[in-house]
Amino acid sequence: MLSPLLERRISTFKDLQQIHAQLITTGLIHHPPHLTKLLSHTLSNSLSYACTLFKHTHPQHYNTILYNTIIRGLVDHNSPEHAILSYVEMLLQELLPDRFTYPSLLKACAQLLALNVGKALHGQAVRFGLDCDLYIETTLITMYAACGDVNSAREVFDRMGDQKTRNLVVWTSMISGYVKNQSPREALALVSEMERQGQVPDEVTMVSALSACGDLKDLSCGKKLHLHIERSKMKVCVVLGTAIVDMYAKCGDLKSARQVFDAMHERNVVAWSAMISGYARNNRSGEAIKTFDKMVRESDQKPNEVTIMAVLSACAQSGNSTLGSWVDSYIHKARLSRTINLQNTLMDMYAKCGRIDNARQIFNYMPEKDIVSWNTMIAGLALHGLGEQALALFSQMQSQGVRPDDITFIGVLSACSHAGLVEEGRRLYADMTAKHGIEPKLEHYGCMVDILSRAGLLPEAEEFIEAMPMEPNGAAWGALLSGCRVHNNVEIAERAAKHLMRIEPNNDGIYVLLSNIFAGRKQWEEVKKVRILMHERGIRKTPGCSSVIVDGIFHEFIVGDHSHPESEDVYDYVIQRLRLAGYVADTSEVVLNIDEEEKGDSVSQHSEKMAVCFGLMKTKPGDELLIMKNLRMCGDCHSAFKYISKVFARVIVVRDRSRFHRFVDGSCSCRDYW
DNA sequence: TTCCCAGAAG
């Protein structure tokens with residue numbers, strides 16, 4: 001019989017202290033079951049108090065059950081190291097572990113990703129004859145899978161089969177193990193297998209199965225599972241609901257994801273984060289930001305690091321530095337810890353929002369940097385055409401003993417390409433394999449083709465593609481085709497376009513580029529052929545779309561957009577001023593009209609021109625303008641922007657599809673090399 | 001005592 005003292009409801013720390021004192025005065029504290037019960041009550045309230053209580057227990061009262069209790073408590077309170085240490089202490093006291101000891105210990109190993117400790121514990125469990133315990137076997141599977149050794153997990157699972165002891169939880173552990181180890185196909189195969197063997201998956205199994213469908217982007221499989229969940233009337237708790245939302249989002253079906261999200265009875269921070277990052281991942285930054293706004297305003301859930309990273313990536317995508325800075329200050333206010341990941345994401349956001357100086361500041365002040373920090377900063381500088389700075393950082397990184405990886409080289413090579421550093425690019429490319437032992441991937445080949453093509457070394461670029469050891473992708477041929485546009489090479493362009501049309505038949509950009517190349521040479525018949533081909537294949541040109549931020553608010557302009565009539569008057573005025581300064585419209589890039597209705601496709605109505613005029617009109621003289629464009633800037637707009645920066649004495653920053661242009665006093669940071 | 005949801009650089 002336990003003391004009635006311990007049957008009382010304990011709800012405060014004070015209750016615990018009182019009971020502890022009473023157990024001492026009554027001497028019941030020396031009775032191990034009382035002590036154990038008190039310890040487990042204490043653990044659910046305060047870990048440190050429980051540890052104190054444990055330490056002050058007289059050694060003669062220590063027993064296996066007491067140790068099991070403290071070990072389990074430590075694991076539940078995320079102190080796996082202390083749990084393992086307590087176990088060692090237990091062995092030193094010559095107390096033997098039992099079948100309740102190992103599940104907690106194995107869980108601790110899973111948390112620590114300590115495969116070797118886990119293996120040692122497995123060995124001990126075998127020696128103690130405990131390895132055939134269902135709970136221990138289940139946690140062995142979980143531990144091995146968490147530590148990345150899915151084969152050992154499977155061995156444990158398979159051995160259990162011989163004894164016909166696999167229950168639902170065991171199946172689920174193995175399925176989730178596959179999902180955690182990027183083996184979604186094996187996970188789904190095991191779900192089918194368990195059903196064949198007469199086990200019925202439950203809510204927990206479904207969570208892992210949905211996650212596997214998301215990883216595979218297998219919408220039809222995911223839908224089947226969702227239907228099964230509805231038909232079998234499973235209870236859709238937050239976790240299962242979030243798993244469904246996440247599955248739809250990963251499969252790109254944001255509409256279904258949102259429907260499920262809206263129908264959830266309860267939404268925690270994970271559910272919100274899944275919805276927000278789902279939008280962000282699918283390039284729906286506007287909706288990601290709206291959802292974040294709703295979370296902050298309408299829910300009682302506080303954004304955490306994951307939420308913040310998702311919303312920052314949405315800010316980066318849309319160039320929304322206003323919200324980005326707000327989030328930056330939110331991190332301060334909410335006292336979120338500035339982890340390396342979080343700072344890397346902030347840095348990326350600032351770089352992609354045109355605020356490279358802010359990015360650099362974060363980078364410089366980071367107390368600790370990882371490879372991602374260096375890569376992000378190098379890529380950011382590359383994006384801004386600051387090739388020399390990017391290469392300087394690359395040297396600095398190596399002198400600090402940080403080994404570059406394959407992504408670092410994508411950054412430095414793209415820095416060379418944006419800054420026209422051909423020889424440096426060649427040298428880096430050669431060093432990558434020779435000195436750093438990194439085999440070039442598709443992305444690196446793409447960068448090299450880009451470097452050579454932009455520099456006008458088109459035959460060499462073409463040979464480079466032909467010599468690739470793998471099938472070249474669209475990016476490689478696309479870089480060559482863009483180079484052909486800049487350097488007016490029809491022959492190579494036609495070959496590149498042919499390959500591109502095979503690889504990316506629905507990419508409208510190919511047709512537009514090719515047509516521009518023909519137009520540049522006044523080969524109107526060929527332009528017409530491209531137009532017809534495009535029409536036949538049902539491909540429509542993506543409309544140019546630009547936005548300008550005025551007082552923190554986004555204003556969007558689509559090519560030929562007349563929704564801001566006042567900016568048209570300003571437009572005429574601006575062009576007049578530019579003409580006086582010597583600007584002549586360059587119409588060589590006649591963009592093909594798919595049908596005659598699309599009259600908006602003349603250079604004069606390009607979205608970036610309309611956006612800049614709106615910006616000039618709505619901001620104070622001298623204010624810097626930031627313009628974001630979904631496509632690449634055309635030559636005429638580039639030239640017009642140079643004039644505008646001089647005539648109106650404005651700094652204009654443009655983020656186009658591939659990089660930043662900074663126009664100051666009649667010239668551009670890209671030095672007309674883009 | 002065992003199983004489950006969100007996550008960065010290209």
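Reminder, nothing fancy here: chain letters follow the sequence lines and each chain counts from 1. The shown structure was predicted, so the numbers you read here are calculated from the model rather than taken from an experiment. In what follows, every heavy atom counts, from backbone to side chain, and hydrogens, waters and symmetry copies are set aside.
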Handout entry: A/Phe54-A/Tyr67 aromatic ring centre distance below 6.0 Å
Key = yes
Handout entry: Of the listed nucleotides B/dG7, B/dA8, B/dC3, the one nearest the side chain of A/Arg281
Key = B/dG7
Practice task
Remember a base hit wins even if backbone is also touched, and classify A/Thr172 as base, sugar-phosphate or nothing at under 4.0 Å, heavy atoms.
Solution key: base
Problem - Candidate pair A/Val412 and A/Phe409, rule side chain to side chain contact (heavy atoms under 4.5 Å, CB included), full reasoning - result: CA-CA 5 Å; A/Val412 285; A/Phe409 279 94; 3.9 Å; yes
Handout entry: Nearest to side-chain heavy atoms of A/Lys107, which nucleotide of B/dC4, B/dG10, B/dC3
Key = B/dC3
Fill in the blank from the handout: Here the distance between atom P of B/dT2 and atom CE of A/Met174, to the nearest Å, is 19 Å
Exercise for the section: State whether the distance check finds a donor on one side and an acceptor on the other, under 3.5 Å, for side chain A/Thr345 versus base B/dA8. Expected result: no
Problem - Plane angle bin for A/His384 and A/Phe660 - parallel if under 30°, tilted between 30 and 60°, otherwise perpendicular - result: parallel
Practice task
Report yes if a side-chain nitrogen or oxygen of A/Lys250 is closer than 4.0 Å to either non-bridging phosphate oxygen (OP1 or OP2) of B/dA6; otherwise report no.
Solution key: yes
Exercise for the section: Go through B/dC5, B/dT1, B/dG10 for me and flag the one nearest to the A/Val239 side chain. Expected result: B/dC5
Completion exercise
Which of B/dT1, B/dC4, B/dG10 is nearest the side chain of A/Val204? It is B/dC4
Problem - A/Lys180 side-chain N/O to B/dC4 phosphate OP1/OP2 under 4.0 Å - result: yes
Exercise for the section: Measure from the side-chain heavy atoms of A/Asp348 and tell me the nearest of B/dC5, B/dC4, B/dA9. Expected result: B/dA9
Problem - Donor-acceptor pair (no angle test) under 3.5 Å: A/Thr242 side chain, B/dC5 base - result: yes
Handout entry: Near-parallel close stack of A/Tyr135 and B/dT2 base (under 5.5 Å, under 30°)
Key = no
